[in-house]
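The basis for the numbers below is simple: all heavy atoms, side chains too, and nothing from hydrogens, waters or symmetry mates. Source: prediction; values computed, not measured. Residue numbering restarts at 1 for every chain, and letters A, B, ... go by the order of the sequence lines.
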Number of protein chains: 2
Amino acid sequence: MAKAGATSKATEKGSDRSDTTRRALVIAAIESLKKDGFTRASARVIAQRAGVNQGLVFYHFGSVTNLLLAALDAVSEERLQTYGNEVTKVVSPGELVDTAEGIFKNDLEAGYITVLVEMIAGSFSTPGLGSEVAARIQPWREFAQSSIERSLGDSPLNGVLPSKDVAHAIVALYLGLEMLSHLDGDAAPALALFAHAKQLASLFEAMTAPATTKESS
Amino acid sequence: MAKAGATSKATEKGSDRSDTTRRALVIAAIESLKKDGFTRASARVIAQRAGVNQGLVFYHFGSVTNLLLAALDAVSEERLQTYGNEVTKVVSPGELVDTAEGIFKNDLEAGYITVLVEMIAGSFSTPGLGSEVAARIQPWREFAQSSIERSLGDSPLNGVLPSKDVAHAIVALYLGLEMLSHLDGDAAPALALFAHAKQLASLFEAMTAPATTKESS
DNA sequence: GTCTATACTTGGATAGAC
DNA sequence: GTCTATCCAAGTATAGAC
């Protein structure tokens with residue numbers, strides 16, 4: 001299935017060549033998903049973008065679908081690594097909303113979510129792709145859940161709030177907003193929501209903060 | 001561009017023939033979007049489903065894209081007509097959540113949102129399709145907004161709540177949940193959210209109802 | 001092991017038959 | 001006006017060259 005493993009310190013020069021080609025194809029695949037969409041992300045188009053022969057897609061990845069999944073993996077990994085650090089610093093709902101807004105803007109600009117949405121879209125057409133994509137969304141879901149729980153800290157709400165379900169909703173909302181933003185060519189409605197969320201977060205903090213300091217009786 | 005207009009009371013029998021073919025193609029296109037997805041919803045596949053020659057797609061609709069848009073129109077119209085009646089009876093947030101849950105389940109089963117999501121997905125690949133689909137989502141957004149405002153009634157929140165932004169979020173969430181449900185082949189997480197929303201709604205109703213009776217000072 | 005040239009399939013669109 | 005037979009472009013995949 002995968003070709004992972006000992007490629008870094010190999011003695012053959014052939015591995016380097018292979019690796020270069022693979023990397024070029026993955027980058028070109030990401031670019032194609034962003035700019036052309038799933039439907040037009042064909043072996044021919046991707047290979048041309050990478051400057052290599054079209055047949056190499058099948059030699060190195062077995063199928064176009066596998067290459068696209070590799071592209072999604074690459075994006076997913078880079079994204080989680082970048083944002084993972086940012087989010088560990090978050091200790092309140094207000095900060096979480098701020099961070100989420102920054103991530104949303106960055107995702108929109110970088111086209112990270114576009115890649116994911118395209119793959120989801122393609123999943124409806126390509127048999128068997130659905131479960132593969134679903135498995136790759138799982139880390140994002142867990143990322144959302146742990147972020148929520150961390151931001152709530154030791155608030156009493158932490159035990160009551162169904163963080164798993166909320167995380168599911170957040171991911172769904174995130175994907176939906178991204179789709180609509182692209183469709184309308186306008187991110188304003190989505191960004192307006194972050195402003196409202198910020199107000200809600202500060203309202204929440206104002207409601208819960210006094211409860212811990214004012215412990216009379 | 002379009003072939004709208006005098007087809008109902010025409011004297012020629014040819015119009016009937018044309019109408020039959022067109023209708024068959026639209027139905028087949030809907031079915032294809034649901035079961036095959038945007039990518040595989042080709043003129044050939046759709047025509048075969050409809051039992052007509054593939055070239056008729058281009059004769060009657062000019063292009064595959066136009067046929068798919070006609071399919072989206074048909075679904076959108078039927079959906080809004082069905083749900084429009086249900087929602088006018090809603091007079092409280094609790095009832096709204098109940099109705100929304102029913103609509104969500106029905107949409108999921110009927111595949112209505114699948115058709116929309118497929119078209120949105122295709123919009124990323126097909127130049128010019130985006131704005132067309134966006135225009136067709138507008139009624140759904142307005143539908144959500146008016147439903148929210150109606151359910152709030154004369155509550156003081158009605159003036160404060162940014163119903164337009166909330167409606168945008170609801171539509172986005174709705175699309176996202178539908179996508180994830182399809183992907184996972186499991187609607188349970190989405191349905192769990194409706195249960196939570198129901199609790200929130202009754203909490204909200206309990207908080208606002210006494211406020212109108214207890215008007216001291 | 002890596003890559004290229006080629007085979008085969010499916011799709012969009014139209015010229016021309018009825 | 002309605003429909004069919006046919007054309008050409010684009011896609012996936014592989015047999016065989018290096």
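In this structure, A:Phe58 places its CZ atom 17 Å from P of C:dC8, rounding to the nearest Å. If you take CZ of A:Arg40 and P of C:dG11, they are 16 Å apart, rounded to a whole angstrom. Separating the CG atom of B:Leu25 from the P atom of D:dT2 is a distance of 13 Å, rounded to the nearest angstrom. Following rounding to the nearest Å, A:Phe61 (CZ) and D:dT14 (P) show an atom-to-atom distance of 17 Å. Protein atom CD of B:Gln48 is 13 Å distant from nucleotide atom P of C:dG12, rounded to whole Å. Distance A:Gln54 CD to D:dA13 P: 10 Å, rounded to the nearest Å.
Looking at the side chain of A:Tyr59, the nearest of the listed nucleotides C:dG1, D:dC3, D:dG11 is C:dG1. Each of C:dC3, D:dA13, D:dT12 was ranked by its minimum atom distance to the side chain of A:Arg17; first place goes to C:dC3. The B:Leu56 side chain lies nearest to D:dT4 when the options are D:dT4, D:dT14, C:dT4. Side-chain atoms of B:Asn53 lie closest to D:dT4 of the nucleotides C:dT4, D:dT4, D:dA13.
Salt bridge absent: A:Glu109 and A:Lys105 never bring a charged side-chain N and a carboxylate O closer than 4.0 Å.
In terms of the side-chain hydrogen bond (donor to acceptor under 3.5 Å, both in side chains) criterion, B:Asn158 has no residue partners (sequence neighbours excluded).
Of the two residues near DNA chain D, B:Gly55 and A:Val45, the one whose nearest nucleotide lies more 5' is B:Gly55.
Backbone-only engagement by A:Val64 is indicated by non-hydrogen atom pairs under 4.0 Å involving sugar-phosphate atoms exclusively.
When the side-chain nitrogen and oxygen atoms of A:Ser18 are compared with OP1 and OP2 of C:dG1, none of them lie within a distance under 4.0 Å. Contact check, A:Thr21 against C:dC3: a side-chain N or O comes under 4.0 Å of OP1 or OP2. In this model, the phosphate group of D:dC3 is approached by a side-chain N or O of B:His60 to a distance below 4.0 Å at OP1 or OP2.
Below the 3.5 angstrom threshold, one finds a donor paired with an acceptor across the side chain of B:Arg44 and the base of C:dG12.
Pairing each heavy atom of B:Pro139 with each of B:Ala135, the nearest pair is CD-O, 3.4 Å.
In this structure, CD on B:Gln54 lies 8.5 Å from CG on B:Leu56, to the nearest 0.5 angstrom.
Between B:Phe104 and B:Tyr174, the ring planes are perpendicular. Angles over 60° get that label, and only those under 30° would be called parallel.
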